[in-house]
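Structure first, commentary second.
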Amino acid sequence: MRRYLRSKEASIPNPKNQPRLPHTQNNRHYQHMNNQPHILDNLVRLYAARNQTELARHVFDQIPNPSVVLWNMMIRAYAWTGPFLQSIHLYHRMLQLRVTPNNFTFPFLLKACSALQAIQLGRQIHDHALTLGLQADLYVSTALLDMYAKCGNFFEARTIFDSMSHRDIVSWNAIISGFSFHAFHKQTIRLVVQMQLAGIAPNSSTIVSLLPTVGHANALCQGKVIHAYSVRRIFSHDVVVATGLLDMYAKCHHLSYAQKIFNALNQKNEICWSAMIGGYVICDSMRDALALYDAMVYMHGLNPTPVILASTLRACAKLTDLNKGKNLHCHMIKSGINSDTTVGNSLISMYAKCGIMDDALGFLDEMIIKDSVSYSAIISGCVQNGYAETAVLIFRQMQLSGTDPDSATMIGLLPACSHLAALQHGICCHGYSVVRGFTANTSICNAIIDMYAKCGKIHISRHVFDRMNKRDIVSWNIMIIGYGIHGLYVEAFSLFHELLASGMKPDDVTLIAVLSTCSHSGLVMEGKYWFNTMSQDLSISPRMAHYICMVDLLARAGNLDEACSFIQKMPFEPDVRVWSALLSACRTRNNVEMGEQVSKKIQLLGPESTGNFVLMSNLYSSVGRWDDAAYIRNIQKHQGYKKSPGCSWIEISGVIHGFIGGDRSHPQSVAINNKLQELLVQMKKMGYQADSGFVFHDVEEEEKEQILLYHSEKIAIAFGILNTRPSNPILVTKNLRICVDCHNAVKFMTLITERKITVRDASRFHHFENGICNCRDFW
DNA sequence: ATAGGGTTAG
């Protein structure tokens, strides 16, 4: 596009020969040198040519009755450097002053329209050109078709193109770059072929506008053909063509070619550097990206541009290299680039990926211009770091600020709903996505499916899954995982077999989904079968995560010794998570000896998590070794591990009510207490006995009962009973795993209240009905 | 010619 304007610039008639408008009489100073171009005219020309648009404008404003040529010059300057809207303002002022635009004015105006993606305005300008009888002008019609194509109206662009009596290479390039701009790969290639059939050979502009689509479509072979053509036509030495080729190879993941082109370039400009650094990022070579950045800054003494900073920050984010990221932040501040929205967005994402949400949020506050990307970055950052509630709050801020959420915002927000089991919010996101047409996007549907599954509405998940137009492996994985966490192993396996039959290749996550389904449902045989055959039959080699699933499966099913020998036979060193899976089963099975051994292993490996201390101390309590339990809790305190409080929440008509253990802060606290005591009496009548294993001290039976009665999930359920209709099911979500006592108590509660009660804990759904949980006590 | 945010599991 820019090249095509450049060629036209050369053909602009010399202003000296242009007819001049008569000057106003009242400016003697200007009139004085009437015969020659005035010094002010020359100044405007000089500044405009140097892209010093504001200076040019300053001078221009002092000229009383500028000629069309000068108007054109100013309009072109803005259309080139922006602010684009200024071109349009000047055009309107020109009309007010009854200066008639000529055939050179329109291409510049239309270029501004393309940049602004303002098709309505483009149409008005089109009409104006028609009334001036310029429809046959080659430049004007080329500019018109270019504008329509860039704004996405290919029909109009095509109509103009077809109606042209004469087409030069610029017209061809215009329509080609329009299609290429919108990533219509096949149509673009077809046009290039037609162009050649029409006897016009593609020039370097054609190549340059062609290459981005080729890269985008990963069409390496075509790219090579174009490369060869560029060599034959000796375009390939051109920096612009070479950069395009470099970028194309990088997008096709052909790094070595990209590097060769980069190294062979004699004069590298900043765009080459950014293309190469960006190329490394595309190809997942983050270390190389950072090394090249350092070479550029510290060896070649170049200043990073916003584009380069954005790419390099992305590399830091992927590596979670906080030091380098902070270093870049310093660069931004020093070079005054910290008000650039794009760079700022990358910076937010970098801090979020490194887990420093405070800095990410702080920077968001400082940002002068926040766009949907800024909000999306922060929202997904919050969710990734476990602050789903903050994510929802930020989303409210985003709405108040008038920034329209886009599909990426939804992809960030939907997991927040999943995490919170906030069904009402989730439904809103779903509805909004449908209205905005996002549901054509596979990732959006995937996030929606996951949201319904995690909010307890697994049948709606399946409904969405069945109706989406294109499923990828993630869609299948999410659906299988969904069935798995609901304990619906029959559905999970039937879907898995459907997947195998469909010809789509399962990936490593699919197998994690299958294995964890097995462990949730106690399917030891099936789990072993898929674990043993996955590497041969599906050519997926098991990772640590798969081993964790297997240990979990064996140990939960009670085969503690087998789990132990399985760990010993692992081809790599087991990490803390493997041992934790075993420890947790030791606790469930009250196996103190093995628990102690495992606990020692964990202490050697470190760093540990609080959960393991709690497991071990509970294990001691369950067999009455209160002193040992207390000793473990002391170590935990000394080493600075805080027990994260058990927390449960429930959504009632779109509002989330959260409770921690022993919580008496809710406004309805008195009613909740009464309800709990009432339930306790009824439960005991039916044979309920408090499970002492989870109470740390050797206390009286009654006291135990009362401590256990105020576990957060019980409070949330009581609150749910009080605030929903008697026949309604209840869904409560808990941040940790449900404890044995609550699991037992909820069974009684379903009998007393004749309701379905669902508890989603950290690992799965427990659907309680008629005194039974569908997990069959595997968890 | 180059650039920002994004779905699953462990």
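Note that the coordinates shown come from a computational prediction; the quantities given were computed from them, not determined experimentally. Throughout, a chain's letter reflects where its sequence line sits, starting with A, and its residues are numbered from 1.
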Going by modelled atom types, is there a donor-acceptor pair between the base of [N] and the side chain of [X] at under 3.5 Å?
X: A/Asp371; N: B/dG4; value: yes
X: A/Ser376; N: B/dG5; value: yes
X: A/Asn269; N: B/dA1; value: yes

Checklist entry - How many angstroms lie between OG in A/Ser204 and CG in A/Asp238, if you round to the nearest 0.5 Å? => result 5.5 Å
Base, sugar-phosphate alone, or nothing: which one does [X] contact when heavy atoms must sit under 4.0 Å apart?
X: A/Thr341; answer: base
X: A/Asn441; answer: base
X: A/Ile271; answer: base
X: A/Ser372; answer: base
X: A/Arg314; answer: sugar-phosphate
X: A/Asp508; answer: nothing
X: A/Lys268; answer: nothing
X: A/Ala377; answer: sugar-phosphate

Tell me: [atom1] of [X] to [atom2] of [N], nearest whole Å?
X: A/Trp273; N: B/dA3; atom1: CH2; atom2: P; answer: 17 Å
X: A/Lys454; N: B/dT7; atom1: NZ; atom2: C1'; answer: 10 Å
X: A/Arg543; N: B/dT8; atom1: CZ; atom2: C1'; answer: 12 Å
X: A/Ile348; N: B/dA3; atom1: CD1; atom2: C1'; answer: 16 Å
X: A/Ile480; N: B/dT7; atom1: CD1; atom2: C1'; answer: 15 Å

So, is [X] near the phosphate of [N], with a side-chain N or O under 4.0 Å from OP1 or OP2?
X: A/Lys470; N: B/dT7; answer: no
X: A/Thr342; N: B/dA3; answer: no
X: A/Lys318; N: B/dG5; answer: no
X: A/Gln384; N: B/dT7; answer: yes

Checklist entry - Hey, do the aromatic rings of A/Phe531 and A/Phe566 have their centres closer than 6.0 Å? => result yes
Next on the checklist: For A/His185 and A/Gln222, which I'm curious about, is there any donor-acceptor pair between the side chains at under 3.5 Å?
Outcome noted: yes
Checklist entry - Does a donor on one side chain sit under 3.5 Å from an acceptor on the other, for A/Tyr452 and A/Arg462? => result no
Checklist entry - Are A/Asp294 and A/Lys324 within salt-bridge range, i.e. N to O under 4.0 Å? => result yes
